[in-house]
**Q** 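Take a look at this one; I'll ask things after.
Please read all numbers here as calculations on a predicted model, not as lab measurements. Chain naming here is simple, since letters A, B, ... match the order of the sequence lines and numbering starts at 1 in each.
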Amino acid sequence: MCEVGEDYRESAPGGPPLTRPGREQKCVKCKEGPPVVVIRAGDAFCRDCFKVFYVHKFRAMLGKNRLIFPGEKVLLAWSGGPSSSSMVWQVLEGLSRDSAKRLRFVPGVIYVDEGAACGRSPEDRARTLVEVEQVLQRVGFPSHVIALEEVFGLPPSVLRCFAQEPESVGTEGAYKAAVDSFLQQQCVLGAAGEEPWSQPRPQGPQSLAGPPTAVQTEALSGLFDSVKTLTAKEELLQTLRTHLILHVARTHGYSKVMAGDSCTRLAVKLMTSLALGRGAFLAWDTGFSDERHGDVVVVRPMREHTLKEVAFYNRLFAVPSVFTPAVDTKAPEKASIHRLMEAFLLRLQAQFPSTVSTVYRTSEKLVKAPRDGCAASPPGPRCLLCLCTLDVDSADSATAFGAQTSSHLCQMQAPGPQAEAGTPTTLCCCPGLGGAQGCCASPPWTPCRPTSWPRPSSAARGPGASRRSKRICWGTAMMRRCPVGAEVRALGPHPTRNGQARTGRLPVVVHMYK
Amino acid sequence: MGRWRRKSMGVSCELGFLNMAAPLSVEVEFGGGAELLFDGVKKHQVTLPGQEEPCKALGARNHLDLTLICSVPSSPGDIRNLLVWIKKNLLKERPELFIQGDSVRPGILVLINDADWELLGELDYQLQDQDSILFISTLHGG
């Protein structure tokens, strides 16, 4: 199908002639209504059948995985874009159905304002927030509108994987028992005239705090400006956003986060992750559930909906969404690996309509198995940023990765003790934090393991480099190798909301991209 | 289409004229972020001019053989022409983000009167007066 050197700008190289359905045909489902949309290759659906098909896919995805228990608090990550808006709308409609088929969890919505990372002016951001709050009022769930600048205030505990509680593991028996007891409870309370889980609406948006200060915004803009490549910027944004959302979920007692990744986006993500060296973590990055964070599980109920279906549904059924420019808006095709993969897949999809679904089906087959020989042993050290189990093989001394990463870290390491005070090089033992925060009390990672990689001498390498090189996975290490500009020291002591300086609280996530 | 033959000195040729097409008024709308390429304006009322296309002489191989070929006109009222018109008159920046070749960039959906353009012949669909064409970019957001 794909050949090296093939130019996709030319017309299709003799692929099978696609038979396009015409308007004179009827809906393939009900055989009566006029078709309005073509799904897959050649299946034309009418408006009503399309709605049934779309909603059924969403409900079936939730139902067959049986991870969300009745009465559980679920945080919906809404970016304003079409997929997440559609997801929020599906949850809204699912909660208002008749009781037999009603969704049974308790939702909340979170919106992260990323304007500072995209270089938007405060007026633009304020205008977008007004639209966001209008939509959130309409939806009526408890909502949290926070700015990405809040990431500077995250405690270092966000980088720790909390142990998963045994009850939260979704076994078949446990799920059924939970549903039965919930239904019994509902009958009892229904007889008494109460609904135990319904939300007192409307609650409206709850901002965590006031708008971010100019100092924080400037710090965040400076951080993103110092990252030279768009690929690294997108990865950094994703990491920061994920940690922020998880922190809000933990603070407010949500045990699940719903992300609106669609089938097309996940196919692009799968290919991009392969290019970025995250092949070992594809099952977590693109699967239905992502349990790497321990106590909060990220689920992706929209993963079977293509972007075309989402766009059509939103248009035909007037789903509100808010368009916000992102870091990659108007970026040319080769600006980043993400853009390149997206263009590649979509162009291939135009000629071969089963491309995206083939990639998706491949991602479904990926399992989250431990590495060979590690099944019985306790889980190994985790990457500092993405919290996946480290994929670097200490026994493999033949790869260039170890040598390159070590030497690169050696070059970046600031020499001399005076640099140590200003730039924390260790992971969470930042000066000013110490053990009072409990961050070093029980490290989630094992101490340094000896490796047989050829490395510069420890004197030249500087302290902390060896620990840092073993604390991040390949993908994160590749992103760190992107040329960087300003260093952390240039940002000065990290600012708080009221403008007072707090030294040493800059979380490690920011350090790792410097 | 009017047509006549002329035979003179062994040269035969055919000339034809297209009838003047009535101007079409359609509503063009952009969504999903595509409006950024059009100064942020989502809805445009577009009047496509009717066109007359005379045939052009492409050349003679020798004095005895003058071949006149009518350039095959693309019908003025199809989506292909609309895209050309949009590129020339509405698109403010970065044409490669909207148009690729003679079609839209992969990832941009086209709805004609709220129906998939794949059902209506895609680029060859003949526009009717008061049609509504919607271009939704799926390349943005999630």
**Q** Counting heavy-atom pairs under 4.5 Å to chain A, which of B:L37, B:I136, B:L111 comes out on top?
**A**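 Highest number of heavy-atom pairs under 4.5 Å: B:L111.
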
**Q** Is it the backbone or the side chain of A:A331 that comes under 4.5 Å from a heavy atom of chain B, or both, or neither?
**A**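 Answer is backbone: N, CA, C or O of A:A331 sit under 4.5 Å from chain B.
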
**Q** For salt bridge (Lys or Arg N to Asp or Glu O under 4.0 Å), just list the numbers for A:K308 and B:E118, CA-CA rounded to whole Å, side-chain angles, deciding distance to a tenth of an Å, and then say yes or no.
**A** CA-CA 12 Å; A:K308 178 175 179 179; B:E118 286 186 38; 3.0 Å; yes

**Q** May I have the step-by-step check of side chain to side chain contact (heavy atoms under 4.5 Å, CB included) for A:V38 and B:L119, ending in yes or no?
**A** CA-CA 7 Å; A:V38 178; B:L119 295 166; 3.5 Å; yes

**Q** For residues A:R347 and B:P106, report the shortest heavy-atom separation together with the two atoms involved.
**A**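 Heavy atoms of A:R347 and B:P106 come nearest at CG-CG, 3.8 Å.
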
**Q** Between A:T329 and chain B, which part of the residue has a heavy atom less than 4.5 Å away: side chain, backbone, both or neither?
**A**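 Answer is both: backbone and side chain atoms of A:T329 are under 4.5 Å from chain B.
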
**Q** Calculate, to the nearest 0.5 Å, the distance between atoms CG and CG belonging to A:L307 and B:L109 respectively.
**A**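 Interatomic distance, A:L307 CG to B:L109 CG, rounded to 0.5 Å: 8.5 Å.
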
**Q** Could you give the distance from CG (B:L97) to NZ (A:K330), rounded to the nearest 0.5 Å?
**A**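 Between B:L97 CG and A:K330 NZ, I get 8.5 Å after rounding to 0.5 Å.
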
**Q** How many angstroms lie between atom CG of B:D116 and atom CZ of A:F50, to the nearest 0.5 angstrom?
**A**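 Here the rounded value is 10.0 Å.
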
**Q** Report which part of B:E96 has an atom under 4.5 Å of a heavy atom belonging to chain A: side chain, backbone, both, or neither.
**A**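 Contact with chain A involves no heavy atom of B:E96 at all.
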
**Q** Hey, what do you get for CZ (A:R315) to CD (B:E29), rounding to the nearest 0.5 Å?
**A**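 So the gap between those two atoms works out to 4.5 Å.
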
